Asker: 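One structure coming up, written as structure tokens, with questions to follow.
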Amino acid sequence: MATTTTTILLLLLVAATAVSAADLSVYHNVHPPSPSPLESIIALARADDARLLFLSSKAASSGGITSAPVASGQTPPSYVVRAGLGTPVQQLLLALDTSADATWSHCAPCDTCPAGSRFIPASSSSYASLPCASDWCPLFEGQPCPANQDASAPLPACAFSKPFADTSFQASLGSDTLRLGKDAIAGYAFGCVGAVAGPTTNLPKQGLLGLGRGPMSLLSQTGSRYNGVFSYCLPSYRSYYFSGSLRLGAAGQPRNVRYTPLLTNPHRPSLYYVNVTGLSVGRTWVKVPAGSFAFDPATGAGTVIDSGTVITRWTAPVYAALREEFRRQVAAPSGYTSLGAFDTCFNTDEVAAGGAPPVTLHMDGGVDLTLPMENTLIHSSATPLACLAMAEAPQNVNAVVNVVANLQQQNVRVVVDVAGSRVGFAREPCN
């Protein structure tokens, strides 16, 4: 999804096992107060080097479940997984994105990549450069082989470029053994970034692991190993201790899950669409224009569940109606102010904690996802201010898409079953 100051990569942990669920703990940092809710979120993403070092030394598994320690990334706000790449293994902290397919890592040498550890292909005996004639090359939108290629000369590596946030990078395609927890996935295709054009502020420091549903994603490259099933529970940004996790495979998933159908958009095949049928604030249904939530593969309209976006976005008519009903019920005496993308901020000294009603998302299959206070509001740590943690969709290609973001998914086990064409939700405190 498009990255803005409020649409930022969230990243998780990943691990796997061929015979059981992969379950990885999630950890975050605590940071000093900052003047606004949005800046508070950004501050929480600044990783402490000592804590990352501590997490890197933790055991990889316990209780028969493959696991790997996870920490907050630096900037932008993200979750990173300790993944291994190459032989002997090189440890990397990769951002996890459920709306992306391709995995990539910053590789040495790269003078323009962000400062930090880089994968060194030359040090891995299992690394292989994938040529332009590789079947993987067109999937990564790599450049075709030269028309005048000398038949006796070796084929050049598959080269591709990719835009990311406000920058772009150049990469060559390679394969190597990817290690997640105790699982080793041989011949995993990924991009080796060798040059970055533009600012690196919003670029993952060491790379990204894609968990979308396209042909280059982790689920696709591992075939039947995980049966197209994974789940995650995201802990609150504000919590110091975490039991949040991402599990790969059908084993170990909770039984109390309520499922809604997973929809497929051939024009945006990586995304996880669901059908939202309505919203309610407190006990009042929000009155939106007819067809506001309709799924339309041709335009991309509909609702996406995305762990890579921080703040939930609603299309203009939906957000306007939601905001009006939320304001009506809160009834802030001094009215409302704006703060960046947030336009429904109010003085918490004037409105008691019980004065902000819950927001409920209604979905096909009778699934009602009620958001508690911590999933509905974000607070300033410097002033008595709270904001509705949702906003209007940006006026670009995503203007027709509703995105249910990670802040609204916290402390909920989200189960994605691609093989069964369904997405499930179960309340689970993972702080």
Side-chain angles (χ1 to χ4, degrees), residues 11-12 14-16 18 22 80-108 110 113 117-145 154-164 168-181 183-196 203-204 206-228 230 246 248-249 269-271 308 418:
L11 300 165
L12 283 178
V14 181
V80 290
V81 59
R82 189 183 71 188
L85 196 59
T87 306
V89 64
Q90 301 177 41
Q91 298 293 345
L92 296 172
L93 300 176
L94 300 180
L96 183 69
D97 189 354
T98 59
S99 66
D101 294 332
T103 293
W104 49 269
S105 171
H106 299 297
C107 294
C110 179
C113 290
S117 298
R118 297 169 190 169
F119 176 63
I120 306 174
S123 298
S124 173
S125 62
S126 51
Y127 177 81
S129 176
L130 296 181
C132 53
S134 166
D135 292 340
W136 286 108
C137 197
L139 297 178
F140 281 78
E141 299 182 348
Q143 298 175 7
C145 294
L155 292 172
C158 176
F160 68 96
S161 59
K162 184 177 179 63
F164 192 96
S168 64
F169 61 77
Q170 301 287 329
S172 60
L173 195 58
S175 69
D176 210 331
T177 299
L178 174 67
R179 291 175 171 82
L180 299 170
D183 279 8
I185 305 166
Y188 194 86
F190 69 100
C192 216
V193 177
V196 175
L203 201 63
Q206 296 185 22
L208 181 144
L209 183 66
L211 201 66
R213 56 193 299 197
M216 306 95 72
S217 71
L218 176 67
L219 290 185
S220 295
Q221 292 204 46
T222 52
S224 62
R225 173 175 255 176
Y226 307 120
N227 299 312
F230 70 92
L246 182 141
L248 298 174
S270 300
L271 305 181
V418 176

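We count residues from 1, following the sequence as given. The model shown is predicted, which means the values in this text are computed figures rather than measured ones.
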Asker: Say you draw a straight line from NE2 of His106 to CG of Leu94; how long is it, rounded to the nearest 0.5 Å?
Answerer: 9.5 Å
Asker: Taking the side chain as every heavy atom from C-beta outward, state whether Phe169 and Cys113 have any atom pair closer than 4.5 Å.
Answerer: no
Asker: Looking only at heavy atoms, which two atoms of Arg179 and Gly86 are closest? And how far apart?
Answerer: NH1-O, 2.7 Å
Asker: Which value, rounded to the nearest 0.5 Å, describes the distance between Gln206 atom CD and Leu92 atom CG?
Answerer: 5.5 Å
Asker: Identify, with sequence neighbours excluded, every residue that meets side-chain contact (heavy atoms from CB on, under 4.5 Å) alongside Ala186.
Answerer: Thr177
Asker: For Thr103, what residues pass the side chain to side chain donor-acceptor pair (under 3.5 Å) criterion, not counting sequence neighbours?
Answerer: Tyr188
Asker: Check for me whether the distance between the ring centres of Phe160 and Trp104 falls short of 6.0 Å.
Answerer: no
Asker: Would you compute the distance between atom CZ of Arg225 and atom CG of Asp183 and round it to the nearest 0.5 angstrom?
Answerer: 4.5 Å
Asker: Specify the closest pair of heavy atoms between Gly174 and Tyr127, including all atoms of both residues, with the distance to one decimal.
Answerer: CA-OH, 3.7 Å
Asker: Got a sec, which residues hit side-chain contact (heavy atoms from CB on, under 4.5 Å) with Ala128, two or more places apart in sequence or on another chain?
Answerer: Ser175
Asker: Test of understanding: with side-chain contact (heavy atoms from CB on, under 4.5 Å), list the residues that count as partners of Pro269, not counting sequence neighbours.
Answerer: none
Asker: Hey, is Cys110 close enough to Cys107 that the SGs sit under 2.5 Å?
Answerer: no
Asker: Tell me, please, which residues at least two apart from Cys137 pass side-chain contact (heavy atoms from CB on, under 4.5 Å).
Answerer: Cys158
Asker: Listing request: all side chain to side chain donor-acceptor pair (under 3.5 Å) pairs with a residue in residues 211-220, at least two apart in sequence or in separate chains.
Answerer: Arg213-Thr264, Ser217-Ser220
Asker: Would you name the heavy atoms of Pro121 and Cys192 that are closest together and state the gap between them?
Answerer: CG-SG, 3.6 Å
Asker: Which residue pairs satisfy the side chain to side chain donor-acceptor pair (under 3.5 Å) criterion with at least one member in residues 83-95, sequence neighbours excluded?
Answerer: Thr87-Ser126
Asker: Can you tell me how far the OG atom of Ser129 sits from the CG atom of Asp176, to the nearest 0.5 Å?
Answerer: 11.5 Å
Asker: To the nearest 0.5 angstrom, please state how far the CZ atom of Phe230 sits from the OG1 atom of Thr98.
Answerer: 6.0 Å
Asker: Kindly give the heavy-atom pair with the smallest separation between Phe140 and Ala102, and that separation in Å.
Answerer: CE2-CB, 3.6 Å
Asker: What's the separation between atom CG in Leu85 and atom CG in Leu180, rounded to the nearest 0.5 Å?
Answerer: 9.5 Å
Asker: Which atoms form the tightest heavy-atom contact between Gly84 and Val89, and what is the distance?
Answerer: CA-CG2, 3.4 Å
Asker: Do Leu178 and Phe190 touch side chain to side chain, with heavy atoms closer than 4.5 Å?
Answerer: no
Asker: Sequence neighbours excluded, which residues qualify as side chain to side chain donor-acceptor pair (under 3.5 Å) partners of Ser270?
Answerer: Asp101
